[in-house]
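Written below as structure tokens is the structure these notes are about.
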Protein chains: 4
Amino acid sequence: MKTRDMVIHASLELFNEHGERTITTNHIAAHLGISPGNLYYHFANKQDIIQEIFSLFEKHINENIKPSEEKEFHAGSMMAYLDAAFVALWKFRFFYVNLHDILLKDDQLKKRYLKLQQSTTHSISQILQQMVNAGLLCIPAEDVERLADTIRILMGSWIGHKLVQSNQKEIKPSELFDGVSRMILIIKPYATEASSAMFSQMESRYQSLIAEDGAALNAI
Amino acid sequence: MKTRDMVIHASLELFNEHGERTITTNHIAAHLGISPGNLYYHFANKQDIIQEIFSLFEKHINENIKPSEEKEFHAGSMMAYLDAAFVALWKFRFFYVNLHDILLKDDQLKKRYLKLQQSTTHSISQILQQMVNAGLLCIPAEDVERLADTIRILMGSWIGHKLVQSNQKEIKPSELFDGVSRMILIIKPYATEASSAMFSQMESRYQSLIAEDGAALNAI
Amino acid sequence: MKTRDMVIHASLELFNEHGERTITTNHIAAHLGISPGNLYYHFANKQDIIQEIFSLFEKHINENIKPSEEKEFHAGSMMAYLDAAFVALWKFRFFYVNLHDILLKDDQLKKRYLKLQQSTTHSISQILQQMVNAGLLCIPAEDVERLADTIRILMGSWIGHKLVQSNQKEIKPSELFDGVSRMILIIKPYATEASSAMFSQMESRYQSLIAEDGAALNAI
Amino acid sequence: MKTRDMVIHASLELFNEHGERTITTNHIAAHLGISPGNLYYHFANKQDIIQEIFSLFEKHINENIKPSEEKEFHAGSMMAYLDAAFVALWKFRFFYVNLHDILLKDDQLKKRYLKLQQSTTHSISQILQQMVNAGLLCIPAEDVERLADTIRILMGSWIGHKLVQSNQKEIKPSELFDGVSRMILIIKPYATEASSAMFSQMESRYQSLIAEDGAALNAI
DNA sequence: CATGAATGAGCTTTCATTCAT
DNA sequence: TATGAATGAAAGCTCATTCAT
């Protein structure tokens, strides 16, 4: 791997584990066994590294998280979306955990973040609307977008809260599943008769995953 | 006011406005026109100040935010609770905005925070249960606590997200009301026939407050 | 002496001896046996120190270098002025030797410098005019100011050039006198019959001082 | 053009425009679109580049600035000399503006500089002596060399002072002419009756050039 | 209670220079 | 000849904290 990429990945790793505030550029360089000068040969400054991590985040999302494009709605597509979303949040958790501080110093990054936010809300809206169209949900038309936005906010804060609650630095996959199940909890009351069985199935699937504390996501 | 209290209040103010990361102990002392030595006479270190602010937060919550103790449920009691909660979050917003960093270095504070969290979730559970008992909500018994917890998380992150989204440092009261209305959005689908009118009323009340961009909370 | 003043004087000394470019704030602190933090407790940054040295320079000039206010011109007053001026330039030589670099980064200081320059030119003009009025010089009216300005420039660059020419870091007082004698050289050709004797005297005085390589200024 | 020469010329250009202190070897390489390694293949270090620029300076002077070799003195020859000298100073201005710093670290260059200085003073002496011989100036024999040296110093500092005084990075040709006119101002009082008309002519020529702010030197 | 000077480790960043290819 | 990644010492500066008074 090229030094530049090594820096990006090491930074992500260290930021995630110890927080962006704690990790200095010297820490990163030392961790990789390179000189601080070399790090600054590849990046203009610390923010620049963060921006590059954010680019990785955007790429990850574009490649892994897209609402299904099929006309017919499959129950699995929502689950797939949520699973993927929580994995993404976990992989880039330092960002969400320090959102305010990071965006405070970097207007450009803030703009990129807000754009991503918008498109995320849009994706969630789309999924909800698909489900409405399929007769699986019954949401007042004027509430769809606000609901989608609320779900997005909740997703973004979920990992931060889990991280605070558990004393370990590592999060267990089951805790991610718990996040997903909260989203389902929010959506479920809008279920129609046609879909309530499906939601029950989904819930029990996640409950058992949580119970198993499964090693399913170990490969993350 | 005693120096000790002045430090606490000034710190809260400065942390809220500029972020805990930005505000140094010297800033606080200079802002008050006292010496750094004096500040450290009253506090062991910066964390100590934050702990005291947290005490203030606890006190504020205990005094202002309690689920109604009446047996019968009044629609107003939920609104009162939510209003008060969002005002509290706004008053101590720096804390929620930097939650992770602050708790990372301070295990004792973390414990206090987790305790407060628990009791908050409990309060929300209680309110939900009261409403269930009053026939206003229909929530599966096994979901009440998880729903309450989810609402709490959402509340805790609301202000952080608003702060990121709006470019101003100040938040408008209407934005707090928007937060409340999101909570209602989450609860509303559980409404029974008996209460749907009430929820509609509540919603329209907040929508108009948001529209007014009311000066109602100016006295905060 | 207060730390603040110690820093100013040590900086002046070190800048003069090794050049402003070479001397870092850490050098200054180490030289005084104080911590870098302490230095920055007293000064906002390196430029701030330089500004304070410049204030010292202004003060030195205001206190020591003023054209005589007497109506009648005494030969001694010009000599006194020139002597004092060259001593001042010597004392603050680092500034003139790095003029361009120093002013490039500091617009405020540049303004102060330009102001001082103006008043210096004005002082020299005044002296020349006094001598014209006293019938000691014969300078076309339209040339007085340009001549004064030229003399000022020459004075400002004299020490720089001497410093380059001599290999030692120290300058000998005789070299300052050489500077003065150059000024006299510039003015002398404008002498009238009435004053040519006086100029001869002045010249021979400085020639003998230069020859002596006198210890006269050792007390500087 | 060979890489080596490209580096020399680009460095001269960048040093002149932004100052030697500001321009790094990496700037130079980037400006030329070559690698820093390549630059260091051609030059041992930064000083080496400066030395080469100085060689260019010497060459420029030898080719363009020589006192007329004719026995008889023409008024034009002094003007030609001064014009050429100021153009040379402008072309290599970074050197004079940072003289002290540059020579401080490089004894070899210092020796070369001192040699050039001597020969310059000699040239000016020669011109003055020619004019004395031609009965155009009346300078005491013992003053000729000191006067020449003084003129040289003044010339060397002229551009530095203009650069400080004007806020622009560019100097106007008229400002160079102003420099020349100062030299004439220094020499003029030594004029004999036979030459005073000539000096008046020269002065008015430069005054009008200054007034015109002429584009005459645009081809520099 | 209060002052304010002082500490010092450590931060981000720079830049002349080197060296394997 | 040329590349460009890499070095590393050192720069200016910060800030939570200490301590003599």
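In what follows, chains are A, B, ... by sequence order, proteins preceding strands, each numbered from 1.
Place A44(C) and R4(D) on DNA chain F by their nearest nucleotides, and R4(D) ends up nearer the 5' end. Positionally, the nearest nucleotide of DNA chain E for K2(B) lies more toward the 5' end than for the other of N45(A) and K2(B).
Every residue meeting the side-chain hydrogen bond (donor to acceptor under 3.5 Å, both in side chains) condition with S55(B), not counting sequence neighbours, appears here in chain and number order: R112(B). Annotation: side chain to side chain contact (heavy atoms under 4.5 Å, CB included) contacts of H161(A) (sequence neighbours excluded): S157(A), L99(B), Y113(B), Q117(B), R152(B), I153(B). For H27(B), there are no ring pair (Phe, Tyr, Trp, His ring centres under 6.0 Å) partners two or more places apart in sequence or in a different chain. Every residue two or more places apart in sequence or in another chain that forms a side-chain hydrogen bond (donor to acceptor under 3.5 Å, both in side chains) with E20(D) is listed here: R21(C), K46(D). The side-chain hydrogen bond (donor to acceptor under 3.5 Å, both in side chains) search around Y40(B) returns none, not counting sequence neighbours. Every residue was checked against the ring pair (Phe, Tyr, Trp, His ring centres under 6.0 Å) condition with F43(D), not counting sequence neighbours, and none meets it. Residues that satisfy the side-chain hydrogen bond (donor to acceptor under 3.5 Å, both in side chains) test with Y96(B), not counting sequence neighbours, are absent from this structure. With sequence neighbours left out, the side chain to side chain contact (heavy atoms under 4.5 Å, CB included) criterion links H60(B) to N64(B), A88(B), K91(B), F92(B).
When atom types are taken as modelled, the side chain of N98(D) and the backbone of D101(D) share no donor-acceptor pair closer than 3.5 angstrom. Side chain of D48(D) to backbone of A44(D): a donor-acceptor contact under 3.5 angstrom is found.
Near DNA chain E, defined here as any heavy-atom distance below 4.0 Å, the residues from residues 24-34 of chain A are T24(A), T25(A), N26(A), H27(A), listed numerically. Near DNA chain F, meaning a heavy atom under 4.0 Å away, the residues from residues 35-42 of chain C are P36(C), G37(C), Y40(C).
Between R93(D) and L163(D), the shortest heavy-atom distance links the atoms CD-CD2, 4.1 Å. Closest of all the heavy-atom pairs between L39(D) and A29(D) is CD1-N, 4.1 Å.
Rounded to whole angstrom, the span from the CD1 atom of I23(C) across to the C1' atom of dA10(F) amounts to 14 Å.
In the displayed structure, K115(C) atom NZ is contacted under 6.0 Å by at most 12 heavy atoms of other residues, nucleotides or ligands.
Bounding nucleotides for the chain A contact on DNA chain E, 5' to 3', at a heavy-atom distance below 4.0 Å, are dC11(E) to dC15(E).
Between dT21(F) and dC1(E), the two P atoms lie 23 Å apart (nearest whole Å).
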Please convert DNA chain F into dot-bracket. A pair counts if it is Watson-Crick or G-U wobble with both distances under 3.5 Å; crossing pairs go in [ ] and bases paired with another strand get |. .||||||||||||||||||||

